[in-house]
Amino acid sequence: MDLNLAPTWAVILACSGEPAQSMVHPAGPAAAEIARLWWVMLGAFTGVFMLVVVLMLVAIWRGTVAANTQAAARRTAPPWGRTGFIVAGGVVLPIVVLTPLFVYSLLASARFRMPADALTVRIVGHMWWWEVRYPKNGIVTANEIHIPAGRPVRLELASADVIHSFWVPRLHGKRDMIPGVENVFWLQADKPGIYRGQCGEYCGTQHANMAFEVIALSPEEFATWSDEQSRSRQPVESPELERGRQVFLTAGCKQCHAVAGTAAIGNAGPDLTNVGGRRMIGGALLPNTRGNLSGWIADPQALKPGVKMPRTYLAADDLQALVTYLESLK
Ligand code: CUA
């Protein structure tokens, strides 16, 4: 049996060191609010659980004693009578515990209102990757969302196929991406860093490998990144790159992928205009190395079974030239 261990690794990584994807290690204002609410709820319900356990032990003890002695049998009724006990434990206690928690959670969600001065990013969920667009300057990328740290980011969420759910646990809660519906959401990272996101709604075979990264940069770094991404690309020069470009344009890649400034304008798969600059490939499945990229092109089904991309049959040196070309796209 061919086991895919990527999700397991994600869980292990989330439990060790600086977690990339842990909602109890918040890195933004909304996530901090959610984490606080989570700890308050955990505390309250731990208290209730311990009370129930104590009452259960008392009941067992009294039952055992009652079974042994005739006199104790008369004591098995609770001190306030059976009705009083049910009213106190089943009505009064839940109201006393749940009302403050309910009010607290309402106050917490009232603080989730989108702040002003947000940068807009449009995210479209696909089976099983993320399209990322910056409407203000026309940048299109995939599976990597660059944002400025310390500034709210307004997200327009949509889906190209089935229901997905956008979730970056360290930055905010989940928000569904529903076909035909535009959902607006926001998040903010307090500090520069890389925050892993994961589709939070089962969406098919590769749901678990529908991941992405939010890369929060300092405002200056973000401005530089943004300028670099929106500049017009220079045509490639070296013979190897030229050959790679020809392979890209003739081997079928452009049917599904786009590269700005070329004849490739497909939109069924991720835009590859800056693929060489990405940290990961395949929906944050694999590090973007030459070997992984070659393996992905040659047989994506082996790495992510069910993915829409078919195998590409290429001679070894054509594949090498293609990878050289893709790595040059930054
Ligand atoms: Cu997309 Cu699960």
Side-chain angles (χ1 to χ4, degrees), residues 2-15 19-24 28 30-31 34 120-134 140-147 153-187 189 194-215 256-258 266-272 275 278-288 292 296 300-310:
D2 186 13
L3 280 179
N4 190 335
L5 295 177
T8 318
W9 279 112
V11 170
I12 292 168
L13 286 173
C15 300
Q21 192 183 293
S22 160
M23 58 77 61
V24 287
I34 292 170
T120 295
V121 183
R122 183 175 168 76
I123 320 264
V124 182
H126 295 256
M127 292 158 88
W128 295 278
W129 59 281
W130 311 79
E131 177 185 328
V132 182
R133 291 177 180 269
Y134 297 74
V140 185
T141 179
N143 302 325
E144 247 175 37
I145 307 169
H146 287 76
I147 62 167
V153 179
R154 177 178 176 274
L155 301 171
E156 295 174 357
L157 303 177
S159 168
D161 35 50
V162 297
I163 300 177
H164 303 278
S165 181
F166 182 91
W167 189 30
V168 190
R170 295 195 64 193
L171 301 182
H172 209 319
K174 291 177 190 172
R175 183 58 57 98
D176 276 359
M177 307 169 96
I178 302 165
V181 174
E182 191 91 359
N183 254 342
V184 176
F185 198 42
W186 69 280
L187 49 75
I194 296 176
Y195 307 100
R196 194 175 188 277
Q198 167 68 46
C199 181
E201 176 94 27
Y202 182 73
C203 56
T205 329
Q206 288 296 340
H207 155 71
N209 289 320
M210 184 172 170
F212 61 100
E213 287 181 328
V214 171
I215 301 180
C256 297
H257 296 286
N267 59 7
D271 187 296
L272 299 180
V275 68
R278 292 183 200 151
R279 282 170 33 87
M280 309 284 279
I281 57 167
L285 175 65
L286 298 163
N288 188 4
N292 285 339
W296 177 267
Q301 298 298 325
L303 298 168
K304 193 165 173 174
V307 67
K308 300 276 166 70
M309 180 165 160

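Numbering of ligands and ligand atoms starts at 1, following listing order. We count residues from 1, following the sequence as given. Side chains included, hydrogens not; waters and symmetry mates left out as well; all remaining heavy atoms used.
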- Task: Heavy atoms only: give me the nearest Glu156-Thr120 pair and the separation to one decimal.
- Result: OE2-CG2, 3.6 Å
- Query: Is there side-chain contact between Leu285 and Gln206, with at least one heavy-atom pair below 4.5 Å?
  - Reply: no
- For atom 2 (Cu) of ligand 1, decide whether His207 has an N, O or S atom at a distance under 2.8 Å. yes
- Task: Could you label the plane-to-plane angle of the His207 and Tyr202 rings as parallel, tilted or perpendicular, counting under 30° as parallel and over 60° as perpendicular?
- Result: perpendicular
- Query: Is atom 1 (Cu) of ligand 1 less than 2.8 Å from at least one N/O/S atom of Met210?
  - Reply: yes
- Give the intermediate values and the outcome of side chain to side chain contact (heavy atoms under 4.5 Å, CB included) for residues Arg279 and Asn288. CA-CA 5 Å; Arg279 282 170 33 87; Asn288 188 4; 5.8 Å; no
- atom 1 (Cu) of ligand 1 - closest N/O/S atom in His164: ND1
- Message: Check the orientation of Trp130 and His164. Use parallel for under 30°, tilted for 30 to 60°, and perpendicular for over 60°.
- Response: tilted
- Apex atom 2 (Cu) of ligand 1; atoms Cys203 SG and Cys199 SG; angle rounded to 10 degrees: 120°
- With atom 2 (Cu) of ligand 1 as the reference point, give the N/O/S atom of Glu201 that is nearest. O
